[in-house]
Amino acid sequence: ADQLTESLGAIAVQQRAYANNNPRAIMRDRGMTMDDYRAARMISWPLRLFDLCLENDGAVAFVIARADRTGGVGEPVRILAATQSLAPYHEPFGIYTPDMATFYPKEATERLYRNAGVPASRIRVAGLYDACSYMTMRSMESYDLVPERTGWRHVVEAGIGPDSPVPVNTHGGHLSEGYLHGMNAVTEMVRQLRGESANQVAGADVALVGSPSGSAVVLAR
């Protein structure tokens, strides 16, 4: 239980730190330490208050066009591949339960990288759907950013910060920027690839946007 708390807290605290640098973030003016995280009330074990996404109004827009029709709208970002998949509705908050295979389908991940023509090791920055902090950690495993069953250790030892192997949710995510149903992860990854992020990752040239059920896109500049 202590290890899980440390892992989930590492995600929530780092995403808040990203939000503190992000002028668009709802939580931009509200810092958070690990002590703050631990002191927050339990909502449903193992999730505390700061493990759960914000509730807010907001909007996101992006334009998809042919490469020859992108002039005058900023540096274009290429879509290398996208995948769409659904899973039976359930709330899989057991850490490694049998239903994880359907909620985080590996075949979708394999298809995504195969169609993109890049391996997971080429991902330099990721925006992962985070209705709760656990989804961030589990998606890192399901999209092969870390080996299976090692996400809890990775987020503590290597982190998801700007100097980590793969920075994650550099906008603050749904936990600290705002809850816009995954679309703000798309716009943040576009900013990263254009070099316009408030938390810019050096050398970001290939980015992943991923959700738990296997719906995802790989972007590149």
Side-chain angles (χ1 to χ4, degrees), residues 1-22 24-58 87 89-100 103-104 125-143 145-185 188 198-199 209-213:
D2 287 344
Q3 289 177 327
L4 182 57
T5 295
E6 187 178 9
S7 300
L8 298 179
I11 292 169
V13 170
Q14 179 57 61
Q15 290 193 196
R16 180 63 62 85
Y18 280 139
N20 292 157
N21 290 331
N22 178 4
R24 300 176 180 85
I26 291 174
M27 307 301 278
R28 60 187 177 275
D29 298 323
R30 303 184 188 181
M32 182 171 67
T33 67
M34 183 61 78
D35 287 342
D36 295 329
Y37 169 83
R38 288 179 177 273
R41 69 182 184 275
M42 190 71 70
I43 303 300
S44 179
W45 190 92
L47 303 179
R48 290 171 164 78
L49 177 64
F50 298 127
D51 287 307
L52 300 170
C53 66
L54 301 171
E55 293 186 10
N56 57 270
D57 295 324
Y89 180 79
H90 52 293
E91 298 293 348
F93 289 128
I95 301 307
Y96 295 106
T97 55
D99 59 5
M100 287 299 168
F103 201 59
Y104 296 88
V125 61
L128 302 177
Y129 186 92
D130 59 322
C132 70
S133 57
Y134 172 68
M135 288 181 171
T136 305
M137 181 173 68
R138 189 62 184 88
S139 288
M140 293 178 71
E141 298 177 352
S142 66
Y143 287 104
L145 302 182
V146 299
E148 283 285 338
R149 299 177 181 266
T150 67
W152 65 273
R153 181 184 296 113
H154 178 91
V155 297
V156 172
E157 296 180 355
I160 60 170
D163 297 325
S164 66
V166 182
V168 175
N169 290 345
T170 52
H171 51 321
H174 292 150
L175 302 184
S176 286
E177 185 191 46
Y179 185 62
L180 293 167
H181 297 275
M183 294 298 100
N184 47 331
E188 173 64 8
N199 295 292
V209 179
S211 67
S213 61

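Computed from a prediction, not measured in an experiment: that's the story for all the values here.
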Minimum side-chain heavy-atom gap [X]-[Y] below 4.5 Å:
{"X": "M137", "Y": "M140", "result": "no"}
{"X": "L180", "Y": "N56", "result": "yes"}
{"X": "P165", "Y": "H154", "result": "yes"}
{"X": "L175", "Y": "S133", "result": "yes"}
{"X": "E6", "Y": "R153", "result": "no"}

Fill in: Test side chain to side chain donor-acceptor pair (under 3.5 Å) applied to N22 and R28, E188, E177, the passing residue
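With N22 as partner, side chain to side chain donor-acceptor pair (under 3.5 Å) holds for just one option, E177.
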Item to complete: Report the C-alpha distance between I43 and D51 in whole Å, list the side-chain angles of each, state the deciding distance to 0.1 Å, and finish with yes or no for side-chain contact (heavy atoms from CB on, under 4.5 Å).
Response: CA-CA 9 Å; I43 303 300; D51 287 307; over 6 Å; no
Discussion item. The test is side chain to side chain donor-acceptor pair (under 3.5 Å); show your working for D36 and T33 and say whether it passes.
Written reply: CA-CA 5 Å; D36 295 329; T33 67; 3.2 Å; yes
Heavy-atom pair with the smallest gap, counting every atom of [X] and [Y]:
{"X": "T170", "Y": "P167", "answer": "CG2-CB, 4.0 Å"}
{"X": "M27", "Y": "L54", "answer": "CG-CD1, 3.9 Å"}
{"X": "S211", "Y": "Y143", "answer": "O-OH, 2.7 Å"}
{"X": "R38", "Y": "R48", "answer": "O-NE, 3.3 Å"}
{"X": "G151", "Y": "V146", "answer": "CA-CG2, 4.0 Å"}
{"X": "Y18", "Y": "P162", "answer": "OH-N, 3.1 Å"}

Quick check: does any side chain N or O of [X] sit under 3.5 Å from a backbone N or O of [Y], one acting as donor and the other as acceptor?
{"X": "N169", "Y": "L128", "value": "yes"}
{"X": "D29", "Y": "N20", "value": "no"}
{"X": "Q15", "Y": "S176", "value": "no"}
{"X": "D130", "Y": "T136", "value": "no"}
{"X": "Y129", "Y": "V209", "value": "no"}

Worksheet item: Step by step, would you call L8 with Y134 a side-chain contact (heavy atoms from CB on, under 4.5 Å)?
Response: CA-CA 6 Å; L8 298 179; Y134 172 68; 4.0 Å; yes
Fill in: Stepwise side-chain contact (heavy atoms from CB on, under 4.5 Å) check, F50 with R16
CA-CA 9 Å; F50 298 127; R16 180 63 62 85; 3.9 Å; yes
Item to complete: Starting at CD of E141, measure out to OG1 of T150 and round the result to the nearest 0.5 Å.
Response: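 E141 CD to T150 OG1: 5.5 Å, rounded to 0.5 Å.
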Item to complete: Look up atom OH in Y37 and atom CD1 in I11, then write down how far apart they are to the nearest 0.5 Å.
Response: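 Nearest 0.5 Å value for the OH-CD1 distance: 8.5 Å.
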Worksheet item: Just wondering, more than 12 heavy atoms not from R24 lying within 6.0 Å of its CZ?
Response: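 No.
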Fill in: Side-chain donor-acceptor contact under 3.5 Å, N184 with H174
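Note: N184 and H174 side chains meet the donor-acceptor criterion.
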